[in-house]
Amino acid sequence: MNAQDQMKLGLWLAEKKNDLWVRGKNDCCTLIMEWHDYIHGTETLKQIYGKYYDLKTAIKWAEKVPLNKWFPQKGYTQVEKPETGDIALVKHNRFFFSGYIICMNQAWGIQDDSKGLSRHPLETMDKHTIWRHTNGT
């Protein structure tokens with residue numbers, strides 16, 4: 001990721017810092033799709049925004065739009081070493097992944113019922129994969 005895009009990411013995360021968690025509108029999945037749209041000029045968030053509202057409907061949408069398949073379809077490649085702008089997926093349960101955006105060696109995400117973004121050291125996150133946009137949108 002070039003310096004200009006790194007700055008865009010930092011400013012974008014700062015703007016989202018205090019946004020409240022709302023399932024289906026501002027959660028870990030919408031966060032990564034919104035970032036993808038912002039940086040690549042796409043509208044992928046529309047496919048899920050507001051279409052789930054509780055755990056049951058979130059699980060149904062996770063089956064329809066599995067993130068581990070969404071990434072390769074959108075031009076992402078799985079990598080070993082994270083860089084700013086990459087996305088980390090963490091398998092928290094058997095139903096779906098949680099998504100985090102990497103910025104300055106920290107994973108930024110929005111947790112259930114939170115009052116904004118939180119940061120997490122990658123080394124403390126179990127069972128994660130790192131995805132980097134490498135081509136196409």
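What you see is a predicted model; the values in this text were computed from it and never measured.
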Quiz prompt | Rounded distance (nearest 0.5 Å) linking atom CD of E83 with atom SG of C103 | solution = 12.5 Å

Quiz item: D86: what forms a side chain to side chain donor-acceptor pair (under 3.5 Å) with it, not counting sequence neighbours?
Solution: R132

Quiz item: Would I39 and L9 satisfy side-chain contact (heavy atoms from CB on, under 4.5 Å), going step by step from the backbone distance to the final call?
Solution: CA-CA 8 Å; I39 199 69; L9 174 57; over 6 Å; no

Quiz item: Can you tell me how far CG of L89 sits from CD of Q78, rounded to the nearest 0.5 angstrom?
Solution: 8.5 Å

Quiz item: Hey, are K46 and E43 close enough for a salt bridge, meaning a charged N less than 4.0 Å from a carboxylate O?
Solution: yes

Practice problem: Say whether Y38 and L45 are linked into one hydrophobic cluster, either directly or through other cluster members, by side-chain heavy-atom distances under 4.5 angstrom. | Solution: yes

Quiz item: Same cluster for L20 and W12 if Ile/Leu/Val/Met/Phe/Trp/Tyr side chains link at under 4.5 Å?
Solution: no

Self-check item: Sub-4.5 Å side-chain heavy-atom contact between M33 and W35
Solution: no

Quiz item: With sequence neighbours left out, what residues match F71 under ring pair (Phe, Tyr, Trp, His ring centres under 6.0 Å)?
Solution: Y76, W131

Quiz item: If you measure from OG on S98 to CD1 on I110, what distance do you get to the nearest 0.5 Å?
Solution: 11.5 Å

Exercise. Taking side chain to side chain donor-acceptor pair (under 3.5 Å) as the test, write out the residues that go with E34, two or more places apart.
Key: K16

Practice problem: Count the heavy atoms of every other residue, nucleotide or ligand shown that sit under 6.0 Å from CG of D112, and state whether that count exceeds 12. | Solution: yes

Quiz item: Picking from D19, N18, L13, what satisfies side-chain contact (heavy atoms from CB on, under 4.5 Å) with L117?
Solution: L13

Quiz item: Can Y100 and H120 be said to form a side-chain contact (heavy atoms from CB on, under 4.5 Å), step by step?
Solution: CA-CA 9 Å; Y100 299 84; H120 310 270; 3.6 Å; yes

Quiz prompt | Geometric cation-pi criterion K64 and W61, 6.0 Å radius, 45° cone | solution = yes

Quiz item: Could you give the distance from CD1 (I48) to CH2 (W70), rounded to the nearest 0.5 Å?
Solution: 8.5 Å

Exercise. Locate the shortest heavy-atom distance separating Q111 from S118; write the atom from each residue and the value.
Key: CG-OG, 3.7 Å

Practice problem: Just do the side-chain contact (heavy atoms from CB on, under 4.5 Å) check on M104 and T84 with the steps written out, would you? | Solution: CA-CA 6 Å; M104 305 303 290; T84 294; 4.2 Å; yes

Quiz item: Looking at NZ of K8 and CE of M1, how far apart are the two atoms once the value is rounded to the nearest 0.5 Å?
Solution: 9.0 Å

Quiz prompt | Worked verdict on Y52 versus R23 for side-chain contact (heavy atoms from CB on, under 4.5 Å) | solution = CA-CA 7 Å; Y52 58 91; R23 191 180 303 277; 3.6 Å; yes

Quiz item: Which pair of heavy atoms, one from I32 and one from G99, lies closest together, and at what distance?
Solution: CG2-C, 3.9 Å

Quiz item: Which distance, rounded to the nearest 0.5 Å, do you find between the CD1 of I130 and the CD1 of I87?
Solution: 10.0 Å

Quiz item: Under 3.5 Å, is there a donor-acceptor pair between the side chain of D5 and the main chain of N2?
Solution: no

